[in-house]
Amino acid sequence: MALTREDMSAGLSGQLEVFENRMKQRQAELKSLYTGLYQNSWMYAELIGEMEKYYSERDDRLKRSDAYRESDPSWYRKNDMLGMMMYVDNFAGDLRGVRKKLSYIEEAGVNVIHLMPFLDIEKGRNDGGYAVRDFRKVRKDLGDMADLSDLTTACHKRDICICADFALNHTSDKHEWAIKAMEGDSEYADRYFIYDTDEIPNRYDETVPQVFPVTAPGNFTRVDDKYVLTTFHPYQWDLNYKNSRVFNEMVYNFLYLANRGIDIFRLDAIPYIWKELGTNCRNLPEVHIIVRMLRLITEIVCPGVLLLGEVVMEPEKVVPYFGTVEKPECHVLNNVTTMATIWHTVATRDTRLLRNQFDIVTALPKEYVFLNYLRCHDDIGWGLDYAFLADCEMEENAHKKYLNNYFIGVEGYSNSRGELYNEDPETGDARICGTTASLCGIEKASMDGDKEAMAQAINLDIMLHACMLMLSGIPMLYSGDEIGQINDYTYLTNPEKKEDARYLHRGKFRWDLERKRINHRSKEYRIFKRLRELERIRANHRAFLPEAEVLTVNTFEKSVLVVGRYLDGEKIYGVFNFSEHEKTIWPDEDEGFVDLVSGDMIPVKELTLPGYTFFILCKDEYGK
Ligand code: GLC
């Protein structure tokens, strides 16, 4: 039956009421934050008007999902979420290709896919997609906005969420605004930090550290006779968020993408977005005001959307991005320190720091959701707790050097095959690149044709995943890790990539290897299958819910980490041997534990673990 005009406007006004109610609850705070920062009520009014417009344009299907998620605000705080991050072209050619591969994604147990940057960029100069030329256009070779909407719709039908990057700190120098700025249009020049002389740039440089000291030195770039602030690469122009026009327009871009069905926005390089002379231009209070405003705007227009903050810094800097329980900022944050600490533990076989790190993370409010991962598209930086390590007799500089040497395979009984990234010849500082499998020794074992070493490397690879899965939050796999994919050296022959070792672990997904899964002896089969088992264990046991108590246990054996999770009478222990040698521990526990991986009853009074193995032990209140 066709709707009458009255029916339609009744429906619409009914919907608008939802928007207005959400607005009513939040507008006092939003207005005071906005006008406090910008003293511009005209621009505030424009923002509100646009928010209403994006709300009205939002698809009914997305609005229903918003309503559902609003009614269950903990929808993403469960134990059955599993992410996978991937480059669209590497994984499946283009967005349509990804749609065709959704069955594989489901088979891998994945229900969140993070599509690495897919927006319009300049070929060659784009920092892996993080120098966006047009926030409303898909990279031509990957498809168009209609393909994106089709993909998100297809994903939602299968209960898969889509995460996308929102690189809001900068635009490409080929973005329309940057071009107009260079043509001398002051309206656009004011959206960046552009100076005629080096006076202010020099003052910035006195206090602002460099992000890429080797591959992209300097904070400023000479463009014609001007100096432009480019914190990252010379072609990534920092946006000036002191200009309310910048904030408003970027919010509109955000809402535009949210309306294409994006569920999670990764706020790229978020700590850097506010600049102030005389500071290090990181984590300034205004950054938190902006993130809080983004959260409020999201809650009003598209409350089903999550904000994931990319804060690659030490824990004290990361946690404030959750905001407070009353005034939350990001919904989810990357657990970067745990990731780096896991790799430190691999190189040292000493779990003391990791245990401490687990204790820090698990002592935080249970509402805080972390995204846990072993590898991502970036390098591993050694942001560890060096004060703690000093007590373990590991001095910062020497230790960093050791870790780098370990992962390039030249020190410390290492089978790793990583490469250095941004190695500073003066300070000796560097970071590490490489896939999980290559860092665990799978690449070397395969080259050497050494079966025993291969079995050991696979065990280590799986154990690290098992260890990551012990944490509450959202585990995120790096595409290819589920089949143990090794480094890709083809980047060295590509002039656009060869200077950036991060491409070592950004290779094409190897469907030819994936097909080897039919052979049960293949490494691909073994890794894929065992990871699936672990993910199922996690999803099927309540003790993996975020409300569980999580405690580490002292084993008096440096190489063995024990993490306990307790909920509703269920007790789960993850026991991980980070050494290649057999280790024995004597837990202070009665008998009656089942190893959830093998299904065997395990006598726990004396527990012996072969090198690089683990148990996931479980006992419920009935002793089962
Ligand atoms: C983020 C990305 C990284 C990129 C940087 C600049 O840190 O993860 O790959 O280089 O932002 O956009």
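Just follow the structure's listing: the first ligand is 1, and inside any ligand the first atom is 1.
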Starting from [atom], locate the nearest protein heavy atom and write down its residue, its atom name and how far away it is, to 0.1 Å.
| atom | value |
| --- | --- |
| atom 7 (O) of ligand 1 | Glu310 OE2, 2.8 Å |
| atom 4 (C) of ligand 1 | Asp127 OD2, 3.2 Å |
| atom 1 (C) of ligand 1 | Asp268 OD1, 2.8 Å |

Check: His114 side chain, Cys163 main-chain N or O, donor-acceptor pair, under 3.5 Å: no
Heavy-atom nearest option to atom 9 (O) of ligand 1, drawn from Asp165, Asp378, Val132, Asn126: Asp378
Pair Arg266 + Asp268: basic N to acidic O under 4.0 Å: yes
Centroid-centroid distance, Tyr478 to His377, less than 6.0 Å: no
Proximity flag Arg502 to ligand 1, non-hydrogen atoms under 4.0 Å: yes
Report, in ascending order of atom number, the atoms of ligand 1 lying under 4.0 Å from any heavy atom of [X].
| X | answer |
| --- | --- |
| Phe212 | 10 (O) |
| Phe232 | 5 (C), 6 (C) |
| Tyr130 | 2 (C), 4 (C), 9 (O), 12 (O) |

Only one of Thr279, Leu37, Asn240 passes side chain to side chain contact (heavy atoms under 4.5 Å, CB included) with Trp274, and that residue is Leu37
If we check side chain to side chain contact (heavy atoms under 4.5 Å, CB included) with Phe254, which of these qualifies: Thr298, Ile297, Asn259? Thr298
Could you walk me through whether Lys180 and Asp185 satisfy the salt bridge (Lys or Arg N to Asp or Glu O under 4.0 Å) test, starting with their C-alpha distance in whole Å, then the side-chain angles of each, then the deciding distance to 0.1 Å, before giving a yes or no? CA-CA 6 Å; Lys180 289 190 171 152; Asp185 187 330; over 6 Å; no
Pairwise distance OH(Tyr421) to CG(Asn404) - rounded to 0.5 angstrom: 13.5 Å
Could you tell me whether some N/O pair between His170 and ligand 1 is separated by less than 3.5 angstrom? yes
Using a 4.0 Å heavy-atom cut-off, which part of Tyr272 comes near ligand 1: side chain, backbone, both, or neither? neither
Contact partition for Arg266 relative to ligand 1, non-hydrogen atoms under 4.0 Å: side chain
Around atom CZ of Arg222, are there more than 12 heavy atoms from other residues, nucleotides or ligands closer than 6.0 Å? yes
